[in-house]
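Only one structure is covered here, and it is reproduced in the block below.
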Amino acid sequence: MLAEVERRGIHFINLEFTDISGMAKCVTIPAEQLPDALAHGKWFDGSAIESLARVAETDMYLRPDPATFAAVPWSAPPTASDTPSVAPSVGRLICDVLLPTGERFEGDPRAALISALERARRLGYRYEVAPELEFFLLREDARENAMREPLPHDRGGYFDLSTDLAADVRREIVAELANMGVQIESSHHEVAAGQHEIDFAPLEALAAADAVITARYVIKAIAQRHGLWATFMPKPFFGRNGSGMHTHQQHFRTSDGQSAFTNAADTQYGLSETARDFIAGQIAHAAGMCAFLSPLVNSYKRLVPGFEAPVMISWGRVNREALIRVPRAAPNSVSNAAPGVRVELRSLDPSCNPYLAFALMLHTGLDGVEKRPALPAPVEEGLYTLDEATRRKRGVDLLPGTLGEALAALKADAFVMDALGAQIAEWFIEAKSREWDEYRSFVHPWELDRYLPIY
């Protein structure tokens, strides 16, 4: 890696990490300091980052993960001929946050996911995920217009070609991510005007979370290069589809590398008993982990009927309103061999912290594998056609409808509260409760338009 830094002529290294909300942070060092940072870490003031440390615990340091090294493609300075230089001047390394003792800091989101993956390995599994990241590209003047209504970059629709003005932008995003070692399986225009999706190749969950964090700032950088503004806000437009981050999950046995989710004898869904137990665990804790998967006040404007977003806690195959789907496996995946069956969780949105989201998804699924709760029957018909009495009779519960409800469900689920550790759960609830209280007390333009003229 050090030789690669020298070969590329990289002058600076961004040491990256995230806070609990999932915001990317970094400390930049000259490349000459990289050997020392790899050997001893880089000290920083943890109290400056909300959620990382209390004032009494300010001494913390970053330990770079060499496997995450990448050159930042758009950072290359212009040459004398004013054409971009081949060699970028900035590289990046994603870091773990450690205490002065050298132990993992329990408030580090990446450490929470590493701990969950270690639990899976102890049980004999490797956990892979493949997120589908949706986002909007807006015109740059949308920033000034944001208080009224954002302005989408195009008027394209689902998989459109002729009206997709950002096809070249997406291809550039995919190419730059490839330069940083992030593999994208496909990309396309989404349903709403200005909305796009990139689909990640399956990766072990830690690498996938690193890739999502990388993609979020790459997308923003490439959009800015084209005079656009990228947003991962789940629901920026009323009456139009919001942005989710549906995530496909796979379990492989570490003993033989084969799919633990696939059973060719199950002719309806192709699911093994392990897969059914895994789904049952996520169903049982769906409400409790909802605040981490959909963490904004705005997230619950997306989780409403009519836009193919999950509202009810159910599973199935053809029902695109289901919380969990089991997509049909490819014809060459009917055996127990990889890649096998995927289990798709659809409540995540792109504002979540992927480290915490994937950690909780794994912990709750493994809880099902260990405790084997009863799996509700699948629901394949339209959920919104069911009246409330029928829904209740069939045991189909609702996801939380607001951030406030999601926080209440989180507090009520002791397993989810314990899964990520007290430090993360307590800070998250404190921060999100402030957000919810501020939203509840704010007088919104809708209220003024609705009530002021008549009351």
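Atoms considered below: every heavy atom in the structure, side chains included; atoms not considered: hydrogens, waters and symmetry mates. Starting from 1, each residue takes its place in the sequence as its number.
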Salt bridge flag under 4.0 Å for residues Glu197 and Arg170: no
Using every non-hydrogen atom in the two residues, find where Ala287 and Ile313 come nearest and quote the distance to one decimal. N-CD1, 4.3 Å
To the nearest 0.5 Å, what is the distance between CG (Leu133) and NE2 (His196)? 12.0 Å
Ring centroids only, cut at 6.0 angstrom: are Tyr127 and Phe358 within range, meaning strictly under it? no
Distance in Å, Thr68 OG1 paired with Asp210 CG, rounded so as to fall on 0.5 Å steps: 6.0 Å
Hey, does the side chain of Arg317 reach the backbone of Gln268 with a donor-acceptor pair shorter than 3.5 angstrom? yes
Counting distance only, does the side-chain N/O of Thr262 pair as donor-acceptor with the main-chain N or O of Gly340 below 3.5 Å? no
Near-ring test Tyr125/Phe261, centroid separation under 6.0 angstrom: no
Keeping Ser347 on the side-chain end and Leu345 on the backbone end, is there a donor-acceptor pair under 3.5 Å? no
Inspect the contact between Arg434 and Asp437 and indicate whether a charged nitrogen and a carboxylate oxygen are less than 4.0 angstrom apart. no
Would you say CZ of Arg119 has more than 12 non-hydrogen atoms from neighbouring residues, nucleotides or ligands within 6.0 angstrom? yes
What's the separation between atom CG in Asp367 and atom CG in Leu362, rounded to the nearest 0.5 Å? 11.0 Å
So, does Ser433 use its side chain to make a donor-acceptor pair with the main chain of Glu430 at under 3.5 Å? no
Any donor and acceptor pair, going by atom type alone, linking the side chain of Ser272 with main-chain N or O of Ala260 inside 3.5 Å? yes
Test your reading of the model: is there a side-chain donor-acceptor pair from Asn241 to the backbone of Ala192, 3.5 Å cut-off? no
Please confirm whether Tyr61 and Phe44 have ring centers closer than 6.0 angstrom. no
Pairwise distance CG(Leu177) to CD1(Ile173) - rounded to 0.5 angstrom: 7.5 Å
To the nearest 0.5 Å, atom CD1 of Ile424 lies from atom CG of Asp108 at 7.5 Å
Smallest separation among heavy atoms of Ala419 and Leu360, with atom names: CB-CD2, 4.0 Å
Tell me whether the count of non-hydrogen atoms from other residues, nucleotides or ligands lying under 6.0 Å of CD in Glu438 goes above 12. no
Can a donor-acceptor pair be found between the side chains of Tyr217 and Arg92 at a distance below 3.5 Å? yes
Has Gln224 got a side-chain atom pairing as donor or acceptor with Lys220's backbone, closer than 3.5 angstrom? no
Check: Trp315 ring centre within less than 6.0 Å of Tyr269 ring centre: yes
Sorted by chain and residue number, the side chain to side chain donor-acceptor pair (under 3.5 Å) partners of Ser351 (sequence neighbours excluded) come out as Asp349
Report yes or no: does Ser115 contribute a side-chain atom to a donor-acceptor pair with the main-chain N or O of Ala112 at less than 3.5 Å? no
Looking at Lys432 and Glu435, does any basic side-chain N land under 4.0 Å from a carboxylate oxygen? yes
Hey, are Glu128 and Arg126 close enough for a salt bridge, meaning a charged N less than 4.0 Å from a carboxylate O? yes
May I ask you to test the Tyr355-Ile114 pair for a side-chain heavy-atom distance under 4.5 Å? no
Return the OG to CG distance between Ser299 and Leu403, rounded to the nearest 0.5 Å. 7.5 Å
Minimal non-hydrogen separation, Gly22 against Ile213, with atom names: O-CD1, 3.8 Å
Just so I know, are the side chains of Val297 and Thr402 near enough to count as touching, which here means a heavy-atom distance under 4.5 Å? no
For Phe278 together with His251, are the ring centres under 6.0 Å from each other? yes
Whether Arg342 side chain and Thr247 backbone form a donor-acceptor pair below 3.5 Å: no
What's the shortest heavy-atom distance between Val129 and Ala205, and which atoms? CG2-CA, 4.0 Å
Between Glu447 and His444 (side chain of the first, backbone of the second, donor and acceptor by atom type, cut-off under 3.5 Å), is there such a pair? yes
For Ser243, run the side-chain hydrogen bond (donor to acceptor under 3.5 Å, both in side chains) check against Arg302, Glu134, Gln195 and tell me which one passes. Gln195
Taking Asp96 as the fixed residue, which of Arg104, Lys42, Arg110 is the one that meets the salt bridge (charged side-chain N to carboxylate O under 4.0 Å, His left out) rule? Arg110
Mark yes when over 12 heavy atoms from residues, nucleotides or ligands other than Arg440 sit less than 6.0 Å from its CZ; otherwise mark no. yes
Ring centres of Phe238 and Trp446 under 6.0 Å apart? no
Salt bridge Glu190-Arg240, side-chain N to carboxylate O under 4.0 Å: no
Where Ala286 and Leu399 come nearest, the two heavy atoms and their spacing: O-CD2, 4.1 Å
